[in-house]
Amino acid sequence: MKSGSTLEKVIAAVILRSQQNSPPMSADGHEVQKKAQLLKGFCDAANVTDCQTAVVRISSIAAAAIALQEGLEPSCR
């Protein structure tokens, strides 16, 4: 089943630029917005990590939603 996502199109073209994004150590989404704005147009997908180094951070789902609003396509793992 095809989704039509940017990630799917890039994988089909065999060229992928991805970025791993560590959520900030706070619940403030502004840091995610800033990073997403910087990465938009430079990467095809952004992997948003969850519970990195066992430190409480903003939820990866919340961070991915903010990144999506900023035009960056998230990939949560």
Side-chain angles (χ1 to χ4, degrees):
M1 179 179 216
K2 294 188 176 188
S3 68
S5 70
T6 301
L7 179 58
E8 178 183 73
K9 291 173 189 171
V10 172
I11 289 173
V14 191
I15 298 172
L16 171 66
R17 299 169 296 169
S18 67
Q19 171 68 36
Q20 177 146 334
N21 294 300
S22 304
M25 287 192 252
S26 73
D28 185 2
H30 289 95
E31 292 182 50
V32 179
Q33 284 178 314
K34 290 178 195 174
K35 187 179 264 187
Q37 289 169 356
L38 289 172
L39 292 172
K40 185 178 176 184
F42 292 100
C43 71
D44 301 304
N47 178 31
V48 182
T49 60
D50 190 26
C51 198
Q52 183 182 21
T53 63
V55 175
V56 176
R57 299 171 186 263
I58 190 172
S59 158
S60 62
I61 299 296
I66 293 167
L68 186 61
Q69 288 174 343
E70 296 299 323
L72 191 63
E73 186 171 304
S75 169
C76 296
R77 293 182 182 182

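All values derive from a computational prediction rather than experimental measurement.
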I need the Lys34 NZ to Leu39 CG distance, nearest 0.5 Å. 14.0 Å

Of all residues at least two apart in sequence or in a different chain, which pass the side chain to side chain donor-acceptor pair (under 3.5 Å) check with Glu31? none

Quick one: closest heavy-atom pair of Glu70 and Gln37, and the distance? OE1-NE2, 2.9 Å

Closest non-hydrogen atoms of Ala67 and Ala36, given as atom of the first, atom of the second and distance, are CA-CB, 4.0 Å

Thr6: partners by side chain to side chain donor-acceptor pair (under 3.5 Å), with sequence neighbours left out: Glu73

Which residues pass the side chain to side chain donor-acceptor pair (under 3.5 Å) test with Gln69, sequence neighbours left out? none

Could I get the full list of side chain to side chain contact (heavy atoms under 4.5 Å, CB included) partners for Ala65, not counting sequence neighbours? none

How long is the gap from CD1 on Ile66 to CD on Gln33, to the nearest 0.5 Å? 6.0 Å

